[in-house]
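Working notes for the structure below.
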Amino acid sequence: MSSKKGFCDLGFAKVDTDRRNRKGFAEVIFCPGKDRQHLKEIAKKIIKAKEDLLLTKLEKTEFNFLKKTIPALKYNHLAKIGYFLTKSKPLSKGLVLIISAGTSDIPIAEEAAVTLEIMGNRIKRLYDVGVAGVHRLMNNIDKLKAAQVIIVVAGMEGALPSLVSGLVKAPIIAVPTSCGYGASFSGLAALLTMLNGCSPGVTVVNIDNGFGAGYFASLINHPTR
């Protein structure tokens with residue numbers, strides 16, 4: 001798979017063989033919209049190169065198809081992530097805390113959590129502590145203050161990241177989800193709330209992008225990787 005150009009040309013795809021050298025992790029495969037045969041060929045090439053394989057937004061039917069060719073492939077059904085690791089990684093010293101506002105946000109929170117685990121981060125989860133019952137969050141202040149980085153996943157009005165940021169010094173990565181009724185516009189209302197938050201120290205990723213939040217948190221938590 002190695003190439004002097006830094007990529008492997010499969011005809012339908014150019015697999016980035018230099019990604020780990022530049023970013024600390026191999027190319028990650030976003031699955032929606034891809035032909036299943038293309039997915040299989042890309043996955044085989046990455047594994048043949050002895051790289052870690054991470055497939056995001058992977059449906060169970062596509063996982064079952066890939067599993068026939070890659071028996072060691074694992075799957076987290078909540079996160080919709082498929083993965084194959086060449087070897088286990090030493091865990092980070094820093095802790096990443098993943099918070100969800102409601103239980104409907106858990107699949108996106110899990111996408112972030114599994115991404116972080118695969119990249120060798122020590123994590124903790126704190127789910128269903130949204131602003132409709134803020135005493136649930138306030139009862140876990142010690143967990144918030146122990147974190148090196150905090151990911152906050154919220155749909156509806158998306159107010160939770162700003163609240164968390166006002167309580168801690170750790171950087172916050174806010175993830176709007178598409179959870180909500182009609183006027184939430186499939187996550188747009190939460191996204192705009194998070195972008196317009198007044199509490200400093202909050203960055204925002206795209207709607208339902210748990211992987212992007214996990215990846216960015218890992219870069220902060222592993223500054224020398």
Got a sec: does the CZ of Phe216 have more than 12 other heavy atoms crowding it under 6.0 Å? no
With the 4.5 Å side-chain cut-off for hydrophobic clustering, are Ile141 and Tyr127 part of the same group? no
Joining Ile, Leu, Val, Met, Phe, Trp and Tyr whenever any side-chain heavy atoms lie under 4.5 Å apart, the cluster holding Tyr181 also takes in Met156
Taking C-beta and beyond as the side chain, do Val134 and Leu163 meet within less than 4.5 Å on heavy atoms? yes
Using modelled atom types only, decide if a donor and an acceptor are shared between the side chain of Asn221 and the backbone of Ala217 within a distance under 3.5 Å. no
Check whether Ser165 reaches the backbone of Pro200 with its side chain - one donor and one acceptor, N or O, closer than 3.5 Å. yes
same_hphob_cluster(Leu66, Ile46) at 4.5 Å side-chain heavy-atom cutoff: yes
Once side chain to side chain donor-acceptor pair (under 3.5 Å) is applied, do any residues pair with Thr177, and if so which ones, sequence neighbours excluded? Asp105
Shortest non-hydrogen contact between Ala154 and Pro161, atoms and distance: CB-CD, 4.4 Å
Separation between CD1 of Ile29 and CD1 of Ile81, rounded to the nearest 0.5 Å: 13.0 Å
Within the supplied structure, the quantity of interest is the number of heavy atoms (other residues, nucleotides, ligands) at a distance under 6.0 Å from Lys67 NZ; does it exceed 12? yes
Rounded to the nearest 0.5 Å, the CG atom of Leu54 sits from the SG atom of Cys31 at a distance of 8.5 Å
Close side-chain approach of Leu53 to Leu73, heavy-atom, < 4.5 Å: yes
Neighbour count >12 (heavy atoms, 6.0 Å) for atom NE2, His77: no
How many angstroms lie between CD1 in Ile150 and CG in Leu126, if you round to the nearest 0.5 Å? 9.5 Å
Please check if Ile99 and Ile173 belong to a single hydrophobic cluster, counting links between Ile, Leu, Val, Met, Phe, Trp and Tyr side chain heavy atoms closer than 4.5 Å. no
Can you measure from CG (Asn209) to CG (Leu191) and round to the nearest 0.5 angstrom? 11.0 Å
Asp16 (side chain) donor-acceptor with Glu27 (main chain) under 3.5 angstrom: no
Using modelled atom types only, decide if a donor and an acceptor are shared between the side chain of Asn140 and the backbone of Lys143 within a distance under 3.5 Å. no
With a 4.5 Å cut-off on side-chain heavy atoms, are Arg125 and Ile106 touching? no
Do Thr203 and Pro171 have side chains that approach each other closer than 4.5 Å (heavy atoms only, starting at C-beta)? no
Linked, directly or transitively: Val131 and Val152 (ILVMFWY side chains, under 4.5 Å): yes
4.5 Å side-chain heavy-atom contact, Val202 and Met194: no
Minimal non-hydrogen separation, Val175 against Ala213, with atom names: CG2-CB, 3.4 Å
Just how far is it from atom OG1 of Thr17 to atom CG of Asp9, taken to the nearest 0.5 Å? 11.0 Å
How far apart are the closest heavy atoms of Gly94 and Gln148, and which atoms are they? CA-CB, 4.2 Å
Is there a side-chain contact between Val114 and Phe211 (heavy atoms, below 4.5 Å)? no
Considering all heavy atoms, the nearest Ser178-Asp208 contact: OG-OD2, 2.7 Å
Between Arg122 and Lys93 (side chain of the first, backbone of the second, donor and acceptor by atom type, cut-off under 3.5 Å), is there such a pair? yes
Please check this pair: side chain of Thr193 against backbone of Ala189, looking for a donor-acceptor N/O pair closer than 3.5 Å. yes
Report yes or no: does Ser100 contribute a side-chain atom to a donor-acceptor pair with the main-chain N or O of Asp128 at less than 3.5 Å? yes
The reported gap from CG in Leu55 to CD1 in Ile70 (rounded to nearest 0.5 angstrom) is 7.5 Å
Can you see which heavy atom on Lys34 is nearest to which on Leu39, and at what distance? CD-CD2, 3.7 Å
Are Phe30 and Phe63 connected, step by step, through hydrophobic side chains (Ile, Leu, Val, Met, Phe, Trp, Tyr) whose heavy atoms are closer than 4.5 Å? no
A quick test of your reading: do over 12 heavy atoms of other residues, nucleotides or ligands sit less than 6.0 Å from NZ of Lys40? yes
Got a donor-acceptor contact below 3.5 angstrom from the Asp35 side chain to the Gln37 backbone? yes
Side-chain donor/acceptor of Tyr75 to backbone N/O of Leu58, under 3.5 Å: yes
Scanning both residues in full, the closest heavy-atom pair of Ile108 with Lys57 reads CD1-NZ, 3.8 Å
Flag if over 12 foreign heavy atoms under 6.0 Å of CZ, Arg20: no
Under 4.5 Å between any side-chain heavy atoms of Asn121 and Val149, yes or no? no
I need the single residue from Glu111, Glu110, Glu62, Glu59 that forms a side chain to side chain donor-acceptor pair (under 3.5 Å) with Lys80. Which is it? Glu59
Kindly indicate whether the side chain of Leu144, heavy atoms from C-beta on, has any atom under 4.5 Å from the side chain of Leu137. yes
